[in-house]
Structure formats: structure tokens, C-alpha cells
Amino acid sequence: MGWDALRQWGEDAVRIERLTGGVANDVWSVRVHGQIAVGRLGRRTDGDLAWETQLIQNLDSQGMHVPVPIPTTDGRLFVDGLMVMKYMEGGPPETESDWRRVADTLRELHRLTQGWPQRPGWRSSTDLLHAETGTRINLAVMPPEGVVRCRAAWARLIGRQTCVVHGNPNSPANVRMTADQVALIDWDESHVDVPDLDLVLPGNAAGLDDSAYDTAAQASAAWEAAVCWPDEYSVRRLGEVRAV
């Protein structure tokens, strides 16, 4: 159905312009019920999207600023891979103080989602010590030596408490800030994992000690190499993972 599914949000629902930043999805500003919103069209399964929408609604109910899904005219939160979400005001983080506010927001996310079930079809970084696939990750297509390095980085996380991680909060494009709120957007990579993976922020804004930062940075580089393989970015990220 593609973007034709937008009619499920009303006969006057219309796309306006494509938004930058989407990699796995086609993201547009849309007008629904006379209001500007954001539409995201991708290939996620219904189970995957149900997990994401339930998470976002839960976080919204607990006071976090998130792009709440807007239902169709018959109450559905997604149709054939299409979600329509509230437009979040604000700009990206720019200063050290801004990034510290982002770190505080991430820690609140982690606190609220301890014990949350894993996203359907996904794996955590430590799951991949024994599994080869999970969502877009397929370790079998990576160089064997690279897989050894990635798994060594993830092994340093064994035994850590898990929760929902946003998945890509160090990209300024995924944060919208105003004077009184921090909103995390683009939850397409969110899943259950070790929280420190979210805290590899510019300027070490989360204040991790040297050992914790090194562990998280190595594990994060390994994750991004695996999830994006084999594009140029993933090759560069794999190059940042130290040899065993």
C-alpha cells in the first residue's frame, strides 16, 4: 500500500516534504486533521511496530517528551509499515550543557524501562555472543576476524542490567530541545540492551569514568558496525573496535 495508507488518517491527510535523517525509512512531514505531523514508512513487522508504539505511549504517560503515534480514523497506530507521529518542536543539542540534559533524559528512559521485554526479532549486544542474526544484523556476512573483535567488545557487558535503549541518541538529528524540555525522536533502533550503549555522547556528557566510557564506546562501535554492515560507515566503525 505504501504512502496510499496515509488515507487511513483521513481524506485530508497529505504528505508535505521529505525529511532528512531517515536511513531505513522514508520520513516525511505530513498534515493530518489540519496539524503538522511526521509520517514514517518502513518495513518493520506489525509485532515490531506494536512494541515501539506501546513503548512510546508508556513513556508519554510517565512524562517523557516523545513523538506519540497519532491513530487512524479507526484507531490503529500503524498501517502496512506506516506510522504517523506528533511533530516535536525544538532544535538539536549544541552545547555541553545541552548534551548533559540529553544524558539526564536518557537515564530517565533507562530507569523507566528496566525489565521491559525485548523488541520482537531483535537481539541485545550480549545475545550476539551466541547468536548470528537479529533484526538487520547478520554476523555471518561480516569478516570473521571482525566478528571476533565485536564479540570481544560485547563480552565486556556481560552481567549488566538491561533496559530499553534509544539506539542512536548521539546523533543531534534525533534530539529536539527547547528551554524546558528534551524530546528523543526516531525510535526505530530502540531495543533492550545495556544502558551505557546510549551514553557514549559528545564530550562524555554522561560523565562515565574512563573504564566505563571505553567499554561502552567499544561495544557501541561494534554494534553500529554490525547493524549497518557493509556500508562505508560500518567499515569505519569496525575499524574503531580494537583487535583482541
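Along the sequence shown, the residues carry numbers beginning at 1. Since we're looking at a predicted model, the values are computed, not measured. In what follows, every heavy atom counts, from backbone to side chain, and hydrogens, waters and symmetry copies are set aside.
Across every non-hydrogen atom of Pro230 and Ser234, the tightest pair is C-OG, 3.4 Å. Here the closest heavy-atom approach between residue Asp26 and residue Arg18 is recorded as OD1-NE, 3.0 Å. Of all the heavy atoms in Val192 and Pro117, the pair that sits closest is CG2-O, 3.3 Å. The heavy-atom pair separating Arg40 from Val27 by the smallest distance is CG-CG2, 3.8 Å. Closest heavy-atom contact between His110 and Asp198: NE2-OD2, 2.9 Å. Shortest non-hydrogen contact noted between Ala219 and Leu157 is CB-CD1, 3.6 Å.
Proximity of Asn25 to Asp188: side-chain heavy atoms (C-beta onward) are separated by under 4.5 Å at one or more points. Leu109 is listed as a side-chain neighbour of Val164, based on a closest heavy-atom distance under 4.5 Å. Contact annotation: the side chain of Leu139 never approaches that of Trp229 to less than 4.5 Å [non-hydrogen atoms, C-beta and beyond]. Side-chain contact check for Pro195 versus Arg107: every heavy-atom pair is 4.5 Å or farther apart. Taking 4.5 Å as the limit, every side-chain heavy atom of Trp187 sits out of range of all side-chain heavy atoms of Trp51. Contact check for Val227 versus Glu189: side-chain heavy atoms found under the 4.5 Å cut-off.
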Let me check something: any side-chain donor-acceptor pairs from residues 77-92 under 3.5 Å, sequence neighbours excluded? List them with distances.
none

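Taking CG of Asn174 as the start and CG of Asn168 as the end, the distance is 5.0 Å to the nearest 0.5 Å. Between atom SG of residue Cys150 and atom CG of residue Leu128 there is a gap of 9.5 Å, rounded to the nearest 0.5 Å. Here the CZ atom belonging to Arg149 is positioned 4.5 Å from the CG atom belonging to Leu238, to the nearest 0.5 angstrom. One distance of note links OH of Tyr213 with CG of Asn204; it measures 6.0 Å at 0.5 Å rounding. One distance of note links CD of Gln118 with CZ of Arg123; it measures 9.0 Å at 0.5 Å rounding. Between the CZ atom of Arg100 and the CD atom of Glu96 there is a distance of 6.0 Å, given to the nearest 0.5 Å.
Of the possible polar contacts, none joining the Asn58 side chain to the Leu55 backbone as a donor-acceptor pair under 3.5 Å is found. Within the 3.5 Å criterion, the main-chain N or O of Ala212 finds no donor-acceptor partner in the side chain of Thr215. Judged by distance alone, the side chain of Trp9 and the main-chain N or O of Ile70 form a donor-acceptor pair under 3.5 Å. No donor-acceptor pair closer than 3.5 Å links the side chain of Glu240 to the backbone N or O of Gln218. Side chain of Asp98 to main chain of Thr95: a donor-acceptor pair is present (N/O by atom type, distance under 3.5 Å, no hydrogens or angles). The closest donor-acceptor contact from the side chain of Asp196 to the backbone of Leu199 lies at 3.5 Å or more, if one exists at all.
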* Assess whether side chain to side chain donor-acceptor pair (under 3.5 Å) is satisfied between Arg15 and Ser29, documenting all intermediate values. => CA-CA 6 Å; Arg15 280 189 290 173; Ser29 62; over 6 Å; no
* Could you check Asp209 against Ser211 for side chain to side chain donor-acceptor pair (under 3.5 Å), going step by step and ending with a plain yes or no? => CA-CA 6 Å; Asp209 64 37; Ser211 176; 4.7 Å; no
* To do: Assess whether side-chain contact (heavy atoms from CB on, under 4.5 Å) is satisfied between Met177 and Val102, documenting all intermediate values.
  => CA-CA 9 Å; Met177 306 187 68; Val102 174; 4.3 Å; yes
* **Residue pair Ser125, Leu197: steps toward the side-chain contact (heavy atoms from CB on, under 4.5 Å) verdict** => CA-CA 9 Å; Ser125 50; Leu197 292 175; 3.9 Å; yes
* side-chain contact (heavy atoms from CB on, under 4.5 Å) between Asp214 and Arg156, worked out -> CA-CA 10 Å; Asp214 181 71; Arg156 297 169 69 184; 2.9 Å; yes
* Step-by-step side chain to side chain donor-acceptor pair (under 3.5 Å) determination, Ser124 to Asp127 -> CA-CA 5 Å; Ser124 69; Asp127 288 336; 3.1 Å; yes
* Check step by step if side-chain contact (heavy atoms from CB on, under 4.5 Å) holds for Leu184 and Leu59. => CA-CA 11 Å; Leu184 298 173; Leu59 295 176; over 6 Å; no
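Using modelled atom types, one finds a donor on one side chain and an acceptor on the other under 3.5 Å when comparing Arg76 with Gln8.
In this structure, Val14 stands alone, with no Ile, Leu, Val, Met, Phe, Trp or Tyr side-chain heavy atom under 4.5 Å from its own, directly or through other members.
Atom CD of Gln57 sits in a crowded spot, with more than 12 heavy atoms from other residues, nucleotides or ligands closer than 6.0 Å. Counting non-hydrogen atoms of other residues, nucleotides and ligands closer than 6.0 Å to CG of Asp210 gives a total of 12 or fewer. For Arg7, the CZ atom is loosely surrounded, since the number of other residues' heavy atoms within 6.0 Å does not exceed 12. No more than 12 heavy-atom neighbours from other residues, nucleotides or ligands sit within 6.0 angstrom of CZ on Arg31.
Ring pair His191/Trp223 is parallel by interplanar angle, where below 30° counts as parallel and above 60° as perpendicular.
Two different hydrophobic clusters hold Val68 and Val30 under the rule that ILVMFWY side chains link at heavy-atom gaps under 4.5 Å. Residues Leu106 and Trp116 share a hydrophobic cluster, clusters being chains of Ile/Leu/Val/Met/Phe/Trp/Tyr side chains in contact below 4.5 Å. Using a 4.5 Å cut-off between side-chain heavy atoms of Ile, Leu, Val, Met, Phe, Trp and Tyr, with links allowed through other members, Trp154 and Trp122 fall into the same hydrophobic cluster. Under the 4.5 Å side-chain heavy-atom criterion for grouping Ile, Leu, Val, Met, Phe, Trp and Tyr, Val182 is not connected to Ile185 through any hydrophobic cluster. Val147 is connected to Val141 through a chain of hydrophobic side-chain contacts under 4.5 Å among Ile, Leu, Val, Met, Phe, Trp and Tyr, so both are in one cluster.
A side chain to side chain donor-acceptor pair (under 3.5 Å) with Ser190 is found for exactly one of His166, Glu52, Arg119, namely Arg119. With Pro69 as the partner, the side-chain contact (heavy atoms from CB on, under 4.5 Å) test is satisfied by one option alone out of Asp60, Leu49, Ile56: Ile56.
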